[in-house]
Chemist: 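I am attaching a structure below and will ask some questions about it afterwards.
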Amino acid sequence: MAIGAKIEELHASLPQGVKLVAVSKFHPVEALMEAYEAGQRIFGESRVQELTVKHDALPKDIEWQMIGHLQTNKVRQIVPFISLIQSVDSVRLAECINREAERIGRVVDILLEIHVAQEESKTGWKYDELVEYLHSEEFEELNNIRVRGVMGMATNTEDEVIIRADFEQLANHFNQLKPLFGEEFDTLSMGMSDDYGLAIECGSTMVRIGSSIFGERY
Ligand SMILES: *Cc1c(COP(=O)(O)O)cnc(C)c1O
C-alpha cells in the first residue's frame with residue numbers, strides 16, 4: 001500500500017486517544033513528505049544525525065520524537081527542537097537532558113523507557129531501580145524535564161502470550177508510577193508494526209509504527 005494510503009488507514013482505524021508515531025528511520029525525506037501530506041505530524045527517529053537533517057529539511061509543524069538509544073554527547077543537538085524523548089533509560093541521560101534544556105530555557109518532555117523483554121540486549125530501566133531513582137532528591141531537582149509516561153518493547157517473539165504479558169507488565173508499571181506525577185503523566189508508548197493491536201488491547205496510548213507504513217528498512 002502507498003505510504004499516504006497507509007497513514008490514512010491507520011488514522012481511521014486507531015482508537016481515539018491512541019497517537020500514531022510514524023517511525024521513519026532510514027527512510028528518505030520524500031517518504032516522510034508523503035506521510036505528511038496524508039496528515040501525519042508526529043515522526044519518530046532513532047539517530048541524532050538523521051533527526052537533525054530531516055528536521056531541517058521538512059515542514060516546521062512536525063513533532064519530532066527520539067525513540068532510539070541516545071548518547072549524552074548528542075543531546076545538545078536535539079534539545080532545541082525535540083518534542084518528546086522516548087528513550088530515557090539512565091540517570092546520566094535524564095540529568096544531561098535536564099541540563100541542556102535548562103541552558104536554553106526549555107522544558108523537554110520525556111518518557112521513561114522500561115525493560116520488560118526477555119532479551120538482555122534491550123535497553124531500558126530495571127523497574128526497581130527506576131522507582132528508587134524517582135524517589136531520590138537528585139531526581140526532584142530536575143526542573144527542566146517533564147515526565148510524560150513510559151515507553152517499552154515486548155520480547156522479540158511470535159508468541160502472543162509472551163508479548164501480551166510484556167505489555168501488561170508495562171501497563172502495570174505505568175499505572176504504578178502515575179501517582180508520583182500529575183495529570184501530565186498520560187503516555188504509555190508501546191506497540192510497533194507487528195504487535196500494536198495487542199498493545200492497544202493492553203492500554204497503549206501511543207504506537208510507534210515504521211515498516212508497515214514505509215516498508216522494510218535496508
Ligand atoms: C524501529 C522502531 C520501531 C518501529 O518498528 P517497526 O517494526 O518498523 O514498526 C518502534 N520503536 C522503536 C524503539 C524502534 O526502534
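Every heavy atom of this structure was used, including side-chain atoms; hydrogens, water molecules and symmetry mates were not.
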Chemist: Side chains of Leu32 and Ile62: closer than 4.5 Å at any heavy-atom pair?
Modeler: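 No - every pair of side-chain heavy atoms lies 4.5 Å or more apart.
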Chemist: Once you round to the nearest 0.5 Å, how far does CG of Asp89 lie from CG of Leu70?
Modeler: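 Rounded to the nearest 0.5 Å, the CG-CG separation comes to 9.0 Å.
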Chemist: Check Gly68 against Met66 and note the closest heavy-atom contact, atom names and distance.
Modeler: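 So the two residues come closest at O-CE, 3.3 Å.
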Chemist: Only counting residues at least two apart or in another chain, list the ones meeting side chain to side chain donor-acceptor pair (under 3.5 Å) with Glu50.
Modeler: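 Partners of Glu50 under the side chain to side chain donor-acceptor pair (under 3.5 Å) test: Lys54.
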Chemist: Please determine whether side-chain hydrogen bond (donor to acceptor under 3.5 Å, both in side chains) holds for the pair Lys74 and Gln71, giving the CA-CA distance in whole Å, both sets of side-chain angles, and the decisive distance to 0.1 Å.
Modeler: CA-CA 6 Å; Lys74 304 223 168 120; Gln71 289 170 281; 3.3 Å; yes
Chemist: Using every non-hydrogen atom in the two residues, find where Leu188 and Leu170 come nearest and quote the distance to one decimal.
Modeler: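 Closest heavy-atom pair between Leu188 and Leu170: CD1-O, 4.1 Å.
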Chemist: Is there a donor-acceptor pair under 3.5 Å between the side chain of Asn144 and the backbone N or O of Val108?
Modeler: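 No, the answer is negative, given that no donor and acceptor are paired below the 3.5 Å cut-off.
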Chemist: Rounded to the nearest 0.5 Å, what separates atom CD1 in Ile85 from atom CD in Glu113?
Modeler: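 Interatomic distance, Ile85 CD1 to Glu113 CD, rounded to 0.5 Å: 12.5 Å.
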Chemist: Look at the side chain of Gln40 and the backbone N and O of Ile42, then say whether any donor-acceptor pair between them is shorter than 3.5 Å.
Modeler: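 Yes, the answer is positive, given that a donor and an acceptor are paired below the 3.5 Å cut-off.
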Chemist: Is a side-chain N or O of Arg208 found less than 3.5 angstrom from the main chain of Ser189, in a donor-acceptor match?
Modeler: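 Yes.
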Chemist: Which heavy atom of Ser87 sits nearest a heavy atom of Leu93, and at what distance?
Modeler: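 What the structure gives for the nearest pair is O-CD2, 3.6 Å.
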Chemist: Donor-acceptor pair, Trp125 side chain versus Val131 backbone, under 3.5 Å?
Modeler: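 Checking the backbone N and O of Val131 against the side chain of Trp125, no donor-acceptor pair under 3.5 Å is found.
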Chemist: Using atom types as modelled and distance alone, determine if a side-chain donor or acceptor of Ser83 lies under 3.5 Å from a backbone N or O of Gln65.
Modeler: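 Side chain of Ser83 to backbone of Gln65, a donor-acceptor pair under 3.5 Å: no, none is there.
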Chemist: Minimum heavy-atom separation for Gly210 and Ser193, please, with both atom names.
Modeler: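 Looking at all heavy atoms of both residues, the closest pair is N-OG, 3.6 Å.
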Chemist: Is there a path of hydrophobic side-chain contacts, each under 4.5 Å between heavy atoms of I/L/V/M/F/W/Y residues, joining Ile3 to Phe26?
Modeler: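 Different hydrophobic clusters.
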Chemist: Can you check salt bridge (Lys or Arg N to Asp or Glu O under 4.0 Å) on Glu95 and Arg92, steps first, answer last?
Modeler: CA-CA 5 Å; Glu95 287 180 346; Arg92 218 168 132 243; over 6 Å; no
Chemist: Any side-chain heavy atom of Cys202 sitting closer than 4.5 Å to one from Arg164?
Modeler: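 Touching, per the 4.5 Å side-chain cut-off.
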Chemist: Identify which one of Ile67, Thr187, Val150 satisfies the side-chain contact (heavy atoms from CB on, under 4.5 Å) criterion when paired with Leu111.
Modeler: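 One option only clears the test, and that one is Thr187.
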Chemist: Can you check whether Ala171's main-chain N or O pairs, donor with acceptor, with Asn175's side chain at less than 3.5 Å?
Modeler: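 Yes; judged by distance alone, with no hydrogens or angles, the pair exists.
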Chemist: Would you say the side-chain atoms of Glu184 pair up with the backbone N or O of Arg146, donor to acceptor, closer than 3.5 Å?
Modeler: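 Checking the backbone N and O of Arg146 against the side chain of Glu184, no donor-acceptor pair under 3.5 Å is found.
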Chemist: Using the rule that Ile, Leu, Val, Met, Phe, Trp and Tyr join whenever any side-chain heavy atoms are under 4.5 Å apart, tell me whether Met192 and Leu198 fall into a single cluster.
Modeler: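 No; tracing contacts between hydrophobic side chains, which count when under 4.5 Å, never links both residues.
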Chemist: Do Tyr36 and Leu58 touch side chain to side chain, with heavy atoms closer than 4.5 Å?
Modeler: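 Result no, sub-4.5 Å side-chain heavy-atom pair not found.
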Chemist: Would Val75 and Val147 show up in the same hydrophobic cluster when neighbours are defined by side-chain heavy atoms closer than 4.5 Å?
Modeler: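 Same hydrophobic cluster.
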Chemist: Consider only side-chain N and O atoms of Gln169 and Tyr127, and report whether a donor and an acceptor are under 3.5 Å apart.
Modeler: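 Checked: Gln169/Tyr127 side chains show no N/O donor-acceptor pair below 3.5 Å.
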Chemist: Between Glu9 and Lys6, does any side-chain N to carboxylate O distance fall below 4.0 Å?
Modeler: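 Between Lys6 and Glu9 there is a salt bridge, with a charged N closer than 4.0 Å to a carboxylate O.
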Chemist: Please check this pair: side chain of Glu100 against backbone of Ile78, looking for a donor-acceptor N/O pair closer than 3.5 Å.
Modeler: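 Between the backbone of Ile78 and the side chain of Glu100 there is no qualifying donor-acceptor contact (under 3.5 Å).
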Chemist: Surrounding CD of Glu201 (heavy atoms of other residues, nucleotides or ligands, distance under 6.0 Å), is the total greater than 12?
Modeler: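 More than 12 heavy atoms, drawn from other residues, nucleotides or ligands, come within 6.0 Å of this atom.
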Chemist: Distance-only, no hydrogens or angles: does the Lys178 side chain make a donor-acceptor pair with backbone N or O of Phe185 under 3.5 Å?
Modeler: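 Pair found, side chain donor or acceptor close to backbone of Phe185.
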Chemist: Once you round to the nearest 0.5 Å, how far does CZ of Phe167 lie from OG of Ser204?
Modeler: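 Rounded to the nearest 0.5 Å, the CZ-OG separation comes out at 7.5 Å.
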Chemist: Among the clusters formed by ILVMFWY side chains lying less than 4.5 Å apart, do Val88 and Val21 turn up in the same one?
Modeler: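 Val88 and Val21: separate clusters.
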Chemist: May I ask you to test the Arg103-Val79 pair for a side-chain heavy-atom distance under 4.5 Å?
Modeler: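 No; the side chains remain at least 4.5 Å from each other.
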Chemist: Could you tell me if the side chain of Leu134 sits less than 4.5 Å from the side chain of Leu112, heavy atoms only?
Modeler: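 In short, these two side chains touch, coming nearer than 4.5 Å.
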Chemist: Just by distance, no angles: are the side chains of Glu8 and His11 close enough, under 3.5 Å, to form a donor-acceptor pair?
Modeler: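 His11 and Glu8 do not have a side-chain donor-acceptor pair below 3.5 Å.
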Chemist: Within the 4.5 Å heavy-atom criterion, are Asn172 and Val116 side-chain neighbours or not?
Modeler: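 No; the side chains remain at least 4.5 Å from each other.
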Chemist: Same cluster or not: are Ile7 and Val207 linked, directly or through other Ile, Leu, Val, Met, Phe, Trp or Tyr residues, by side-chain heavy atoms under 4.5 angstrom apart?
Modeler: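 Yes, one cluster joins them.
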Chemist: How about Glu63 and Arg41: do any of their side-chain heavy atoms sit closer than 4.5 Å?
Modeler: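 No, every pair of side-chain atoms sits at 4.5 Å or beyond.
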Chemist: Among residues at least two apart in sequence or on other chains, which ones pass side-chain contact (heavy atoms from CB on, under 4.5 Å) with Ile162?
Modeler: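 Ile162 satisfies side-chain contact (heavy atoms from CB on, under 4.5 Å) with Gln118, Thr155, Thr157, Asp159, Asp166 once adjacent residues are dropped.
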Chemist: Backbone N or O of His55 within a donor-acceptor pair of the Lys60 side chain at under 3.5 Å?
Modeler: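 The answer is yes, because a donor-acceptor pair under 3.5 Å joins these two groups.
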